[in-house]
Q: 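Let me give you the structure first, and then I'll get to my questions.
What you see is a predicted model; the values in this text were computed from it and never measured.
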Amino acid sequence: MVLHNFIVFEGIDGAGTSTQLKKLAEKIHSGRLFITAEPTGLPTGVFLRRMLKGEFSVDERTAAYLFGADRCEHVFGKGGIVEQLNAGRLVVSDRYFFSTLAYQSVSCGETLPRMLNSAFPLPELLFYFRVNPEVSLERVIARGEKPEIYENACFQQKTADLYDKIMKEYDGTPAAGTMKLVTLDASKPIEETAEIIWSYLKNMPILKA
């Protein structure tokens, strides 16, 4: 199942998804656009963000379940993605279940993350920000913030490899349905990437209504 007018940005840490969300918000009237992210700002997501910061640890299988629970509320819960779409908004999310298929599969294998996320609907358009992990980690370090638990070279390389594998599975295959996948070279200048993204979105009927 594909949710129309639902857009997802995916990529490893430091790929530039958050920056491009800000650029997109400058182009679209706020009443037409709903920007969101995973983990969410819900209690489930707040718990996950504390875990990612290293405040405490859980078994990686537990983390996979928690990401799935947070996502379920994100999609179907009050004020969530489905409700925003039904209200006539374009919904753009920084991360979705593809990130769990990549990140959690590194540490607990692919079977559990795939099982937990198999029933979630697909976005209409998926932008994959592909970037060398060395470049992305330089950006993370440049933020001047304490790295999260997954923000190290070894883990990010494994995650990047899994992202590539996952995207091949959805690139024009039956698994993608009508979802369109766009792979971006996220090492390109910010404005250049922003224009490519806008070229796909500017003619969407929801933004012309």
Side-chain angles (χ1 to χ4, degrees), residues 1 3 6-15 17-18 21 34-84 91-123 126-131 133 136-137 139-141 143 145-170 175 179:
M1 176 185 174
L3 292 179
F6 177 35
I7 314 297
V8 170
F9 288 1
E10 283 281 3
I12 60 175
D13 296 288
T17 56
S18 298
L21 281 174
F34 181 75
I35 290 178
T36 186
E38 293 189 357
T40 67
L42 300 167
T44 45
V46 171
F47 183 90
L48 282 166
R49 289 187 184 277
R50 290 180 60 202
M51 181 202 74
L52 291 171
K53 290 178 180 178
E55 293 183 20
F56 53 83
S57 63
V58 299
D59 186 90
E60 289 296 340
R61 290 163 293 188
T62 302
Y65 278 101
L66 289 169
F67 276 106
D70 187 47
R71 185 163 297 119
C72 193
E73 279 301 299
H74 190 206
V75 176
F76 302 111
K78 183 175 177 57
I81 291 168
V82 169
E83 185 174 316
Q84 297 296 331
V91 176
V92 186
S93 181
D94 186 356
R95 299 274 181 84
Y96 190 46
F97 72 75
F98 308 96
S99 62
T100 288
L101 299 185
Y103 278 84
Q104 271 59 62
S105 292
V106 171
S107 48
C108 70
E110 297 182 36
T111 301
L112 181 61
R114 286 175 180 267
M115 182 272 289
L116 293 173
N117 291 277
S118 61
F120 286 114
L122 292 163
L126 169 61
F127 288 99
Y128 170 41
F129 289 61
R130 192 172 190 273
V131 65
S136 66
L137 280 174
R139 294 173 178 173
V140 170
I141 293 170
R143 295 173 188 164
E145 301 173 357
K146 181 182 177 181
E148 293 186 343
I149 60 173
Y150 298 144
E151 292 176 342
N152 63 77
C154 181
F155 197 98
Q156 289 297 305
Q157 184 60 63
K158 291 178 180 178
T159 305
D161 292 342
L162 275 167
Y163 257 126
D164 285 345
K165 176 183 177 181
I166 293 160
M167 294 306 158
K168 286 180 182 177
E169 294 176 11
Y170 284 97
M179 179 188 78

Q: Find the distance between CE (Met51) and CG (Leu66) and round it off to the nearest 0.5 Å.
A: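 It is 7.5 Å, given to the nearest 0.5 Å.
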Q: Mind listing the closest non-hydrogen atom pair of Pro123 and Met179 along with its distance?
A: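 Looking at all heavy atoms of both residues, the closest pair is O-CG, 3.0 Å.
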Q: I'd like to know if Glu10 pairs up with Arg130 as an ion pair, taking the criterion as any Lys NZ or Arg NE/NH1/NH2 lying under 4.0 Å from an Asp or Glu carboxylate oxygen.
A: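 Salt bridge flag = no for Arg130 with Glu10.
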Q: State, yes or no, whether a side-chain contact exists between Ser99 and Arg71 at a heavy-atom distance under 4.5 Å.
A: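 Yes - at least one pair of side-chain heavy atoms lies under 4.5 Å apart.
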Q: Using the ring-ring contact (aromatic ring centres under 6.0 Å, His included) rule, take Tyr170 and Phe98 through it: C-alpha gap first, then chi angles, then the decisive distance, then the call.
A: CA-CA 10 Å; Tyr170 284 97; Phe98 308 96; 5.4 Å; yes
Q: Minimum heavy-atom separation for Val46 to Gly41, with atom names?
A: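 Closest heavy-atom pair between Val46 and Gly41: CG2-O, 3.6 Å.
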Q: Apply side-chain contact (heavy atoms from CB on, under 4.5 Å) to the pair Gln104 and Leu112, showing each step before the final yes or no.
A: CA-CA 9 Å; Gln104 271 59 62; Leu112 181 61; over 6 Å; no
Q: For the ring pair Phe6 and Tyr96, is the centre-to-centre distance below 6.0 Å?
A: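 Under 6.0 Å, so yes.
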Q: Looking only at heavy atoms, which two atoms of Val8 and Arg95 are closest? And how far apart?
A: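 Answer, listing the atom of Val8 first, then Arg95: CG1-C, 4.2 Å.
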Q: For Asp13 and Tyr103: C-alpha separation, side-chain torsions, deciding distance, then whether side-chain contact (heavy atoms from CB on, under 4.5 Å) applies.
A: CA-CA 10 Å; Asp13 296 288; Tyr103 278 84; 2.7 Å; yes
Q: What do the steps show when you test Glu110 against Lys165 for side-chain contact (heavy atoms from CB on, under 4.5 Å), and what is the final call?
A: CA-CA 12 Å; Glu110 297 182 36; Lys165 176 183 177 181; 2.8 Å; yes
Q: If you take all heavy atoms of Phe67 and Pro39, which pair is closest and at what distance?
A: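 Distance-wise, the nearest heavy atoms are CE2-CG, 3.8 Å.
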Q: Looking at the rings of Phe9 and Phe129, which for Trp means the six-membered one, are their centres under 6.0 Å apart?
A: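 Yes, the ring centres sit under 6.0 Å apart.
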Q: When rounded to the nearest 0.5 angstrom, what is the spacing between OG in Ser18 and CD1 in Ile35?
A: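 Interatomic distance, Ser18 OG to Ile35 CD1, rounded to 0.5 Å: 10.0 Å.
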Q: Let me check something: any side-chain donor-acceptor pairs from residues 74-81 under 3.5 Å, sequence neighbours excluded? List them with distances.
A:
| residue | atom | partner | partner atom | Å |
| --- | --- | --- | --- | --- |
| His74 | ND1 | Glu38 | OE2 | 2.8 |
| His74 | NE2 | Thr36 | OG1 | 2.7 |

Q: Could you state the interatomic distance from CD1 (Ile7) to CG (Asp94), rounded to the nearest 0.5 Å?
A: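 Going from the CD1 atom of Ile7 to the CG atom of Asp94 covers 13.5 Å.
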Q: Rounded to the nearest 0.5 Å, how far apart are CZ of Arg114 and CD1 of Ile166?
A: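 With rounding to 0.5 Å, CZ (Arg114) is 6.0 Å from CD1 (Ile166).
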Q: How far does CD1 of Ile12 sit from CZ of Phe155, to the nearest 0.5 angstrom?
A: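 Here the rounded value is 11.5 Å.
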Q: Decide yes or no on salt bridge (Lys or Arg N to Asp or Glu O under 4.0 Å) for Arg49 and Asp70, but give the supporting numbers first.
A: CA-CA 11 Å; Arg49 289 187 184 277; Asp70 187 47; over 6 Å; no
Q: Mind checking the CG-OG spacing from Asp161 to Ser105? Nearest 0.5 Å is all I need.
A: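 One gets 12.5 Å once the value is rounded to the nearest 0.5 Å.
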Q: Apply side-chain contact (heavy atoms from CB on, under 4.5 Å) to the pair Leu21 and Val92, showing each step before the final yes or no.
A: CA-CA 8 Å; Leu21 281 174; Val92 186; 3.3 Å; yes
Q: Below 30° counts as parallel, above 60° as perpendicular, anything between as tilted: where do the rings of Phe97 and Phe120 land?
A: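 Ring orientation, 0 to 90° scale: parallel.
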